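Heads up: the structure comes next, in structure tokens.
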Amino acid sequence: MRFDFWRHWSVRARLLCVTVIPLAYMFCTFVWYAYHSRLSEVREEMAERGPLVAKVLAESSEFSLLSRRYDDLRLTINGLLQSDASIDRIEVLDAQRHELVQASTRAPGRPDARYYEAPILKRLMFVTMLAADGKPYLKDKPAGSSVAVETMGYVRVTMSPSAMLVKQTRRFYVELLVASMGLLVCALLAWQLSQGLNESLQASMHKLRAADAEKRRLIRKVNTAVEDERKSIALEIHDELNATLIAARLEAQRIVDVSPAGEVRERAQSIITLALGLYNSGRTLVRRLRPEVLDMLGLDGAVEEMVRHHDRAGCRFTFRAEGDFARLESGIGISAYRIMQEALSNIAKHARATQAAVALSLDAQGLRMEIADNGIGFDNALVSSGIGIVGMRERVAAFDGRIEVATAIGAGTRIVIFLPFM
């Protein structure tokens with residue numbers, strides 16, 4: 001069973017759940033407590049009233065039982081049944097628990113009926129008589145007692161909670177109605193609050209998305225401006241500096257050709273060597289500023305050339321490319337080239353890897369790049385800007401792409417980048 005189904009909910013639905021679920025829990029708890037409290041009150045009231053009714057009826061039935069006036073006793077019992085709806089049945093039993101008088105209500109069988117008994121006591125009062133000599137007459141009087149008690153029967157009162165339950169049920173319904181209205185009011189308030197918070201949050205998210213989109217546009221513009229400036233500098237170096245160096249080398253070569261052996265010819269030869277070294281440095285600088293191979297061979301060919309340049313005895317690289325890279329936009333191509341340049345430079349400088357793999361694939365959705373090595377890895381949580389991951393993330397974010405860095409200490413590094421078509 002999945003427990004992350006709420007991740008697809010809207011912010012408003014989450015706010016409502018956070019607010020309403022505790023309220024619903026409190027409502028259910030209150031209803032359960034109120035219901036069981038009312039049942040408990042009914043039981044307590046039955047436990048108090050039943051013995052009291054039985055005792056009072058037993059005390060008032062002594063004379064009727066002695067005189068066998070059962071009709072009067074039956075009238076008293078019927079009157080009591082009519083006046084108290086909680087009494088279901090009253091029975092008068094003799095000392096051997098044989099039924100003498102019984103009366104019950106006409107209501108159908110009532111659940112949870114309970115009965116309570118009280119003895120009917122016959123009390124014999126001894127009156128002190130004076131003898132002829134003025135002294136108390138004590139014949140046949142029990143020693144130490146002026147009253148003799150004898151059980152002559154029992155009164156059994158059967159109580160039914162139905163009537164009391166009706167009263168308590170009404171109270172429970174009133175409490176339930178009040179609680180339901182409170183829950184409804186709280187739910188409406190939560191709905192209004194969630195609506196206001198949702199609108200505010202949506203507005204903030206809209207502004208944040210707009211700011212993020214503006215940031216991506218700014219990064220793309222800055223990267224484009226940087227690449228244009230690099231291209232301009234590369235052209236200046238190629239057209240002006242390198243052309244001047246070639247001219248200087250040719251002039252020095254003429255001096256060598258027309259000069260006899262000696263110091264002048266040696267100095268001219270030194271100028272040729274220096275000019276050639278500066279020319280090669282200029283060419284290297286031009287390739288770094290604006291990789292000509294990217295314009296000539298495309299992204300796949302440029303990356304393959306870069307991989308071949310980094311491939312050496314210490315770390316062996318493999319390269320794989322899929323797709324038609326001729327239709328790749330130049331902006332995405334130069335950014336992908338710079339990202340790949342940074343990733344391979346990190347492997348060469350920091351990874352201490354013996355094997356690395358580079359893969360490019362282009363489809364209708366976008367460009368996917370994957371760089372993996374078996375080096376020492378690093379702690380992704382403690383990565384610093386010097387490693388270059390931050391710059392790579394910014395270039396990827398500029399095109400609304402995704403970058404995933406999977407690494408751990410001693411477990412190598414795997415970087416997967418996806419740049420969608422804009």
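Quick caveat: nothing in here was measured; it's all calculated off a predicted structure.
Relative orientation of the Phe172 and Tyr35 rings is perpendicular, given thresholds of 30° and 60° on the angle between their planes.
The shortest side-chain heavy-atom distance between Glu305 and Arg308 falls under the 4.5 Å cut-off. Residues Phe421 and Arg327 are in side-chain contact: their nearest non-hydrogen atoms beyond the backbone lie under 4.5 Å apart. Ile120 is listed as a side-chain neighbour of Val92, based on a closest heavy-atom distance under 4.5 Å.
There is no side-chain donor-acceptor pair under 3.5 Å between Ser104 and Asp88. Between the side chains of Ser86 and Arg49, at least one donor N or O lies within less than 3.5 Å of an accepting N or O.
Shown are Leu188, Leu183, Leu189; of these, the side-chain contact (heavy atoms from CB on, under 4.5 Å) with Val185 is made only by Leu189.
Annotation: cation-pi geometry not satisfied between Arg156 and Tyr116 (NZ/CZ under 6.0 angstrom from ring centroid, within 45° of ring axis).
Nearest heavy-atom pair across Pro420 and Asp400 is CG-O, 3.5 Å. Across every non-hydrogen atom of Tyr154 and Ala95, the tightest pair is CE1-O, 3.8 Å. Shortest non-hydrogen contact noted between Ile403 and Val396 is N-CG1, 4.1 Å.
Using a distance-only test at 3.5 Å, with no hydrogens or angles considered, no donor-acceptor pair links the side chain of Thr413 to the main chain of Thr407.
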